[in-house]
Amino acid sequence: MIPLELKESLTRAIKRAQRHGDLPAFEMPEDIPVERPKQEDMGEYATPVCMQLARLARMAPIQIAEILVRRLDPPTFIGTVETAHPGFINFRLADDWLTAQIAPIQAAGESYGQLDLGAGQRVQVEFVSANPTGPLHMGSARNAVLGDSIAATLEAAGYEVQREYYVNNAGSRMRLFYETAYARYAQALGRTEEMVPIDGYQGPYMIEMGEQIAEERGDEFLCLPREEALQELGKLALDRVVAGARKDLALMGIEYDCWFSEQTLYTNGQFDTIMSLLRQGDYLDVHDGAVWFMATRLGGAKDEVVVRSDGTPGYFASDIAYHYNKFVERDFDRVIDVWGADHQGHVPRMHHMMQALGLDPSRLTLILYQLVTLKRGDEVVRLSKRTGDIITLREVIEEVGSDAMRYFLLSRSPDSQMEFDLDLAKQQSDENPVYYIQYAHARISSILRHAGAVDYGPADVSLLQHPSELKLLRRMARLPEVIHLAASQLAPHHLTYYAYELASDLHGFYRDCRVVSSEAEDSALTAARLDLVRACQVVLKRVLGLMGMNAPDVM
RNA sequence: GCCCCGGUAGCUCAGUUGGAUAGAGCAACUGCCUUCUAAGCAGUGGGUCCCGGGUUCGAAUCCUGGCCGGGGCACCA
């Protein structure tokens, strides 16, 4: 990657200057910073390193900059190198290098920007994992969008990624869910004396599901002993909810590699394994009738209940067994869990759990995103699954579309709390950035259609010298860096900004440069520009793909 | 009370881990369609980077003390 090569180049220049006596001897800084200048006319890359060296060398920064430029043997992709006050060195990419990128970008196609940052490491991204007690609501949308794009970005960065959904089918909530399902089913068959539990799920979707099951299966569950009926019917209802989640996520183009059942942690022995491991490590304590994980032994603020006094394992027990399964049984190098900020309190105990299992805590990353406030105009929409007052994910997808929803939810950093105004999202749908970006892609398709099958002869990319052409090329060449940034920070919102800027450069180019010329003497230029827009389309499609958005040919 | 995340243009938010004159989109205003899609382009206005103090060549960014908003501190998940 370009910044890395510049660092190496600069390091060599410093050493060379020292060897020749231009600079005094001093210890090389750990890192040579290479950044992007704020203003376009300063070039594409810059280093402020001379300011840092000024003290070590006891010289003026600008003087050091001039020495380094003289001793620099810049990489071939660099066109010009300049110094600037108070001590910057600015680099500009060479025009002929830029135009030479068109062919490799086209050749790379869908894999343009592919990095080897992950070196094939296996990483699991677990996301959404909402309780399977009803349809997915808007609260899960940000989780879904973040998780899927983080996964895609890591793939692009050279990791082998597995997408996983954790089905919480073993908790105490399940019992209530089963009883609710049973009551609604029985009610649908006229048993009005069956009541939904007070803490049960009041939503209309449960009524609907009860009716559907009653219609399809008749009264067969009423004929079973109650406990058996609860289990059988409950399982059926659970499967329906999970299938519904799968369908909703598929509407956003999200497909999982694995739907992991919490229940299997208990039937396949992982729970027993971690209990004996923790016991061996002397991390367990029994008091007040419950079994506790002694997080305080590892610096935690308080101990945590693993097995309740009624003998049932708690949520944390499943978490430990689940992560043992991920790291030890399935041997992932890294695991990323995407959680809402309401789970932030669990972060310390997860690290303590890793330590207790003898695993390096840095292999587990917990992405916490701030919750989304849903609004309709000025009104805040409260979300509660149990009162049934929910806005479902599906409703919003149908209202604003998958692409718009993904773009909006992705475009803010996970740390920022955000408002999602349903009215505004609808109202702005023609003026929103989603269409601006997609239009750039469609616009290129349109140009290519217009060019048709005419043979313009060989392309001479050296004819691409217009500032708008070069600006576009500079942006296209940046994608690998953006992927690097998004992958290393696990921050896919950088993709949205890049995509917008790329689209903007394409639109500017379109204004300034006519692609398909009818003049015979322009054919070499036309061929070159067609190559340019084809390559640009590859980049647009690639970044849209990483964001999980469609790249339409017609709008 | 303690812990986590925010506070940047009228609004919604970026700011590449400490660099140059703090950016973008919406909203407002002014222009541009007879040629590859005007879902586009060009331009204008808009700032106490929440408030003190500190660290250094240099702070929106780091440390510290406040203020405001959100979330969390269960044998719930």
Side-chain angles (χ1 to χ4, degrees), chain A residues 3 33-39 42 46-49 51-52 54-55 60-61 84-88 90 130-131 133 168 171-174 199 288-292 301-302 304-310 312-316 318-319 340-348 368-371 373 408 411-421 424 428-440 442-452 481-482 484-486 488-489 491 493-494 496-497 500-501 503-504 506-508 510-518 526 529-530 533 554-555:
Chain A
V34 171
E35 57 193 32
R36 301 196 62 84
K38 287 192 171 154
Q39 308 226 320
M42 294 167 176
T47 179
V49 72
M51 263 88 83
Q52 291 172 18
R55 179 188 288 174
H85 281 281
F88 289 95
N90 294 335
N131 283 333
T133 53
N168 290 115
S172 58
R173 287 278 162 88
M174 268 301 115
D199 294 336
D288 299 330
V291 181
W292 300 72
K302 60 183 173 60
E304 306 282 351
V305 168
V306 181
V307 181
R308 303 186 195 101
S309 53
D310 67 1
T312 60
Y315 172 86
F316 188 42
S318 291
D319 263 353
D342 53 339
H343 288 72
Q344 63 183 247
H346 303 178
V347 173
L368 294 173
Y369 61 90
Q370 298 298 312
L371 301 181
T373 312
F408 275 119
S411 63
R412 280 90 166 108
S413 114
D415 283 339
S416 88
Q417 33 187 109
M418 55 181 293
E419 292 181 351
F420 195 96
D421 187 332
L424 204 62
Q428 284 188 344
S429 62
D430 273 358
E431 272 301 324
N432 83 42
V434 177
Y435 300 102
Y436 181 87
I437 296 164
Q438 291 181 321
Y439 182 54
R443 200 165 220 184
I444 292 172
S445 293
S446 170
I447 294 170
L448 296 177
R449 276 193 301 272
H450 185 257
E481 283 168 50
V482 175
H484 180 97
L485 179 68
S488 56
Q489 294 190 348
H493 67 277
H494 293 296
T496 65
Y497 288 87
Y500 190 92
E501 287 159 358
S504 174
L506 185 276
H507 291 311
Y510 179 89
R511 170 206 61 214
D512 292 334
C513 304
R514 172 93 197 167
V515 177
V516 181
S517 169
S518 46
T526 293
R529 285 180 172 167
L530 283 170
V533 296
V554 181
M555 287 177 71

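Sequence lines set the chain letters: A, B, ... in the order given, protein chains first and strands last, and positions in each chain run from 1.
Taking the P atom of each, B:rU21 and B:rG25 are spaced 23 Å apart, rounded to whole Å. Nucleotides B:rU61 and B:rA9 place their P atoms 15 Å apart, quoted to the nearest Å. As rounded to the nearest Å, B:rU8 and B:rA14 have C1' atoms that lie 10 Å from one another.
A donor N or O paired with an acceptor N or O is not found under 3.5 Å between the base of B:rG71 and the side-chain atoms of A:Q417. Between the side chain of A:H507 and the base of B:rA42 there is no donor-acceptor pair of N/O atoms closer than 3.5 Å. Counting distance only, with no hydrogens placed and no angle test, the side-chain atoms of A:N90 and the base atoms of B:rA20 include a donor-acceptor pair under 3.5 Å. Contact annotation: side chain of A:S309 to base of B:rC75, donor-acceptor pair present below 3.5 Å.
Under the Watson-Crick or G-U wobble criterion, with both distances below 3.5 Å, B:rC36 is left unpaired in every strand shown.
Using cut-offs of 30° and 60° for the angle between ring planes, the A:H343 and A:Y315 rings count as tilted.
Nearest-nucleotide positions on RNA chain B place A:L485 closer to the 5' end than the other of A:K302 and A:L485. Take the nearest nucleotide of RNA chain B for A:L368 and for A:R308: the residue whose nucleotide is more 5' is A:L368.
Donor-acceptor pairing under 3.5 Å is lacking for the side chains of A:S413 and A:D415.
Base contact: A:A442 has a heavy atom under 4.0 Å from a base atom.
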